[in-house]
Amino acid sequence: MYVYNCWYAAGWAHDFPAEGLRAQELLDVPLVFYRKADGGLVALEDRCSHRLAPLSAGQIEGDDLRCLYHGLKFDPSGRCVEIPGQPQIPASARVRSYPVVERHSVAWIWMGDAAKADEALIPPFRGVADPAYDMLPGQMEYDAHYMLINDNLLDLSHVAYVHRNSFGSGSDFAEKRPKITRMERGLRVQRWVSQPTPKYIAEKLPQLSHVDTWISYDFLLPGVFLMDAKFFEPGAAERFAHGAPTDEPAHDEFTCQVVTPLSKGRTRYLFAYGPWSRVKGLAEFYRDVSYMAFGEDKVMIEAQQRVIDRSPGVAMQPTSFDAAPSQFRWLVDKLIAAEQQQAAQPATAA
Amino acid sequence: MFVRNAWYAAGWTTDFGPGCLEARSLLGEPVVFYRGQSGRLTALEDRCSHRLAPLSYGRIEGDDLRCPYHGLRFDADGRCVEVPGQPQVPPSLRVRQYPLVERHGVAWIWMGDAAKADEALVPPFVGPESTDFEMLPGRMDYEAHYQLINDNLLDLSHVSYVHAESFGAGPAFAETRPQITRLERGIRVQRWLRNNGVPKYMEGKMPADARFDVFMGYDFLVPGVFLMRTDVFAVGTADQCGGKAPEGLEPLHQEFTCQAVTPLTDRTTCYLFASGAWKRLPGLAEFYRDVAYQAFAEDKRMIEAQQRVIDIDPTRKMQATSFDAAPSQYRWLVDKLMAAEQAAAAA
């Protein structure tokens, strides 16, 4: 079950080479990606309409893609433009083409009704090209349902347990509840965390043994996580009356992450994490910390998925920390239901 | 399909050392075993009631277990006693606790209705802790349904074929039919092997031309416990006893083997075993263990291959021979118990 009318992150834009084909499943749909002569990225259904061969085993010819089974050629709109040895091309010889937009260093693909593919809905992502932060791209794939990863990102109380060895934060994450605000297509989660300077960053902030950190993130459909962490001296949370800080912090870091279902049981996770760009030379350090920490999440979530798969009918029981995961699940369920209802309605004459 | 109201052998008690924290599937259910500070061995559902994470990834705190995902802490009864940052702990936050008893060197777990977990039903096991026999514990896991292993243990006619290399007992097993007696929770199987030569595995330990009458008696008990004693007598003893069990006769030699078959899933099974001689003949524990590993590996190869054949076409039916009385009766007993449990659950 997926929300379809959404821009999904198919990958970092640089994952799609200037030449060559890339086969990739998204939302259980087999897709083939390639670039046109002008560099524009094309996404087609990876299934020739003739005998269902994978077009990703084919070859690029100019801006078109030729199936290498019986030679049918498709243009970037998915229309068949040549059937070798047959002058007539029926209109039904076509594969589905998906809208793709490269923006904020990510290739976004619209998996739903192409007529609704509004570029204004592309998430306000800040990726590795953002000049304000010094970040390197990372990614991993999970053997888990995407919603378990969304849950994880929507409830950071797990940081105190799962990430003891990487981030080494104190227990504040597990003991204080954040403020949650509903947005039109997501949730905003904000909190102050007061603690000894977390292990991973202690060496880089020798002037601060303790920090008050303002942690604020938006979690947006279909699975975009954008978090800013501003580090202040102890007492800052009080000074700003536990609201958003207005001063310049001692240190600032940002992380962008995006969760994309490949199939029901497999999910791609893109991420980048880094300090503000006035600190130089820490991009690789942050990338390594994030690989370590997200490796911890992956171990836990894949194990959780295995338990779930062996537990048919067993329901989760929320605690008071599950407000954000529960609200986001509610939002996703609502959108899925609305899309299904719309699909069930008879088409009306235009 | 499993009988649930039974004590299953989860492992040798020595498998669960101090501070152990081990995940194991039993009867298809995820279970975590841990030994808390007090030394008590606890078995809980390996699935945090919050977000269904595996508790076996967590850590022991005193006699409690803390989930590694969001830090919920469960006591040895499975009750959640702490939700970090949340003062109220609703009673619905709990995981199932499985009754567990350590007895006769085995950790027994009750997989059914806890209210029915009667310790009097723990099988009368005789294992490595026995004062009469010298045995070392062994274990192997099968990629096969547990009932195929039960069948194997309930019909020893296979010994003449499968174990020609290890036990080397000759054709007698395949040529004599044992006497079978129904027990309340199992089957008793007894037989005499008359005028038997020295089996291959005992060659060198007795005169090559020696001949004996051998009495073998075993109980096979629910849910899969095999307890067999072998008494070796002079030739003629079987007839002297009128083919009945020898009562009050002192054997020349005595051996014992205990085995327990525990389903992990419907295609994987844990097999615990120990074999040895009476303590009058000391120093043979390792010898008997090595023979057992060799022989049971022969069973494992055969039974796993049988399972693969069965899975190729699950519609094929087995056809019983006259040697299948005990396996058939035991399957009937297990089916009856499962049907009774299901009827009780539906009532």
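Only a predicted model underlies this, so the values are computations on that prediction, with no experimental measurement involved. For the numbers below, each heavy atom of this structure counts, side chains included, while hydrogens, waters and symmetry mates do not. Within every chain, numbering begins at 1; the chains are lettered A, B, ... in the order of the sequence lines, protein sequences first and strands thereafter.
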Original post:
At a heavy-atom separation under 4.5 Å, does A174(A) approach chain B through its side chain, its backbone, both, or neither?
Top reply: both
Original post:
Where on V159(A) is there a heavy atom nearer than 4.5 Å to chain B: the side chain, the backbone, both, or neither?
Top reply: neither
Kindly provide each donor-acceptor pair between chain B and chain A shorter than 3.5 Å, listing atom names and distance.
residue : atom : partner : partner atom : Å
R47(B)  : NH1  : S311(A) : OG           : 2.4
S49(B)  : O    : Q317(A) : N            : 3.1
H50(B)  : O    : Q317(A) : N            : 2.9
H50(B)  : NE2  : D322(A) : OD1          : 3.4
H50(B)  : NE2  : D322(A) : OD2          : 2.5
R51(B)  : O    : Q304(A) : NE2          : 2.5
R51(B)  : NE   : D322(A) : OD1          : 3.1
R51(B)  : NH1  : D151(A) : OD2          : 3.1
R51(B)  : NH2  : D322(A) : OD1          : 3.1
Y57(B)  : OH   : R306(A) : NH2          : 3.1
Y69(B)  : OH   : N152(A) : ND2          : 2.8
H70(B)  : NE2  : D155(A) : OD2          : 3.4
G85(B)  : O    : R177(A) : NH1          : 3.0
G85(B)  : O    : R177(A) : NH2          : 3.0
Q86(B)  : OE1  : S320(A) : N            : 2.6
Q86(B)  : OE1  : S320(A) : OG           : 2.7
S92(B)  : O    : Q317(A) : NE2          : 3.0

Subject >> L148(A), part contacting chain B, at a heavy-atom distance under 4.5 Å >> reply: backbone
Original post:
Pick from P54(B), G58(B), A53(B): which one has the most heavy-atom pairs with chain A under 4.5 Å?
Top reply: P54(B)
